[in-house]
*Asks:* 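To start, I am sharing the structure in question, which I have written as structure tokens.
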Protein chains: 2
Amino acid sequence: MSAPEEAIPTLRIGDVAKLADTTPRTIRYYEELGLLPNEPSRPSGGHRLYTQADVDRLREVMRLKHLLGVSLGELKELLTAEEARAAVRAELRRDDVNPARRRELLAQALGHIDRQLDLVHRRALELAKLQKELSETRKRVKRRIRELDAHASGTYAPTPDVEAAGESRS
Amino acid sequence: MSAPEEAIPTLRIGDVAKLADTTPRTIRYYEELGLLPNEPSRPSGGHRLYTQADVDRLREVMRLKHLLGVSLGELKELLTAEEARAAVRAELRRDDVNPARRRELLAQALGHIDRQLDLVHRRALELAKLQKELSETRKRVKRRIRELDAHASGTYAPTPDVEAAGESRS
DNA sequence: CCTGATCTTTACGTTCACGTCAGTTTCTAC
DNA sequence: GTAGAAACTGACGTGAACGTAAAGATCAGG
């Protein structure tokens, strides 16, 4: 097997910044706040070295921040839970824990997940509601346009470029 | 008909703050930034007087800020569009606009709505994806718990209070 | 009409989430 | 081994989104 359990850290902070589309400053700041559970290795010189897993975690942190719209402080709470989950997984990987303990750990993990799911779910509901409202307003407007076009047909030539309005690149 | 088109403004800034669950400072700040399209009336004294419609608009602004996670600057852009829509509605209410103009106005309104919908839609998709991921992780954990309980039955008494983990009030 | 609560503007203070600079050290390439 | 790029640790700066304090004007109730 040539796939090592944990790849050797080889990425420098600038590389990580580019890969995660952010800056070294932000990475150090997040580390300072404790948002990045496992600190980077620092062989010999003081330079931080990261793995791809670190990049993924960083991206996930930024994603949560973006999607949940929470402060870095609140985010840390959530990630502390995540970290606990990681610890749980580590302990679970060893086969020498008794079933009672195993169950306790799994129940904890479940609690952490549920906490995040709860947050996400609330937001999703709110967003869905907003989306629905906007969609209905949109429908009404479109209906009025159709009515206008129908009534005006023969009198004014309908200008049929409505669908293209309000589109963004992508 | 005893329902006036526009109710007389009677709410003071402190009332509005309480109704919208914010502070007078924030309201003045938003007004300063131009986030509140129609400025409050100021009869005789310099005190601002608001209507319930103003409260609703303020709440809507705060809601958008919360749900879309945009800066007040970006939010202003969106609300400027909203304002334009309002102006459109006002012009449309008068019956003396010719159909071509009417159609143009409606098309504009549609564009503004689509712009907001686009934003909301993107976010909703991202959130849904996150939710799905979390849900699947949750399933896996629950499955492991069930397996554990099944295997342990007879040896250890299963502790069946897992569903209650990580719940919040409401 | 008087008093206390609420409002006004002006202005400075604060927290968050980084940006930026300085001086030094370490890595990479030649 | 030496130049240049990148990283290190402070430290101070900054824009956004308000909070807070001051000094005065205004409003609502008795």
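Sequence lines set the chain letters: A, B, ... in the order given, protein chains first and strands last, and positions in each chain run from 1.
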*Asks:* When you measure from the side-chain N and O atoms of B:Thr26 to the phosphate of D:dG19, is any distance below 4.0 Å, counting only OP1 and OP2?
*Replies:*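 Checking D:dG19 against B:Thr26, a side-chain N or O does come within under 4.0 Å of OP1 or OP2.
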
*Asks:* In whole angstroms, how far is the C1' atom of D:dA6 from the CD1 atom of A:Ile27?
*Replies:* 13 Å

*Asks:* Quick check on the hydrophobic clustering: are B:Val55 and B:Leu49 connected, directly or via other members, by side-chain heavy-atom contacts under 4.5 Å?
*Replies:*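 No, B:Val55 does not connect to B:Leu49 through the hydrophobic network.
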
*Asks:* Does C:dC27 have OP1 or OP2 under 4.0 Å away from a side-chain N or O of A:Arg12?
*Replies:*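 Checking A:Arg12 against C:dC27: no side-chain N or O falls below 4.0 Å of OP1 or OP2.
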
*Asks:* Using the side-chain heavy atoms of B:Ile13, tell me which of these nucleotides is nearest: D:dA7, D:dA17, C:dC7.
*Replies:* C:dC7

*Asks:* Nearest nucleotide by nearest heavy atom, which residue falls closer to the 5' end of DNA chain C, A:Gly45 or B:Gly46?
*Replies:* B:Gly46

*Asks:* Grab the CG-P distance between A:Leu49 and C:dC27 for me, whole Å please.
*Replies:*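 In whole Å, C:dC27 P and A:Leu49 CG are 9 Å from each other.
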
*Asks:* Using the closest heavy atom to pick a nucleotide of DNA chain D for each, name whichever of A:His47 or A:Arg25 lands nearer the 5' end.
*Replies:*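 Taking each residue's closest nucleotide, the earlier one in sequence belongs to A:His47.
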
*Asks:* For the pair made of CD in B:Glu31 and C1' in C:dT10, what is the distance, rounded to whole Å?
*Replies:* 15 Å

*Asks:* Is the phosphate of D:dT9, meaning OP1 or OP2, less than 4.0 Å from a side-chain N or O of A:Arg42?
*Replies:* yes

*Asks:* For the pair made of CD in B:Glu32 and C1' in D:dC18, what is the distance, rounded to whole Å?
*Replies:*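 For the pair B:Glu32 CD and D:dC18 C1', the rounded distance is 11 Å.
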
*Asks:* Would A:Leu67 end up clustered with B:Leu125 when hydrophobic side chains under 4.5 Å apart are linked, directly or stepwise?
*Replies:*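 A:Leu67 and B:Leu125: separate clusters.
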
*Asks:* Mind checking if A:Arg28 touches a base, just sugar-phosphate, or nothing, with heavy atoms under 4.0 Å?
*Replies:* base

*Asks:* With respect to the side chain of A:Tyr29, which nucleotide from D:dC8, C:dA17, D:dA17 is positioned closest?
*Replies:* C:dA17

*Asks:* Round to a whole Å and report the spacing from CG of A:Asp15 to C1' of C:dT28.
*Replies:*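 A:Asp15 atom CG is separated from C:dT28 atom C1' by 13 Å.
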
*Asks:* Please determine whether residues A:Ile27 and A:Tyr29 belong to a single hydrophobic cluster, defined as Ile, Leu, Val, Met, Phe, Trp and Tyr linked transitively by side-chain heavy-atom distances below 4.5 Å.
*Replies:*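 Yes, same cluster.
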
*Asks:* To the nearest Å, give me how far apart CZ (B:Arg48) and P (D:dT26) are.
*Replies:*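 About 14 Å, once rounded to whole Å.
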
*Asks:* Looking at CG of B:Leu64 and CG of B:Leu119, how far apart are the two atoms once the value is rounded to the nearest 0.5 Å?
*Replies:* 9.5 Å

*Asks:* Given D:dC18, is OP1 or OP2 found less than 4.0 Å from the side-chain N or O atoms of B:Tyr30?
*Replies:* yes

*Asks:* Quick one: is A:Ser44 getting a side-chain N or O under 4.0 Å of the C:dT26 phosphate, OP1 or OP2?
*Replies:*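 Result: no.
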
*Asks:* Whole Å only: how far is the CG atom of B:Leu72 from the C1' atom of C:dC16?
*Replies:*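 Computing the B:Leu72:CG to C:dC16:C1' distance gives 14 Å.
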
*Asks:* Return the value, rounded to whole Å, for the distance between atom NZ of A:Lys65 and atom C1' of C:dC18.
*Replies:* 9 Å

*Asks:* Establish, with yes or no, whether the OP1 or OP2 oxygen of C:dC18 is under 4.0 angstrom from a side-chain nitrogen or oxygen of A:Thr23.
*Replies:* no

*Asks:* Answer with yes or no whether the hydrophobic clustering places B:Val97 together with A:Leu148; edges join I, L, V, M, F, W, Y residues whose side-chain heavy atoms lie under 4.5 Å apart.
*Replies:*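 They do not share one cluster, since no chain of ILVMFWY contacts under 4.5 Å joins B:Val97 to A:Leu148.
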
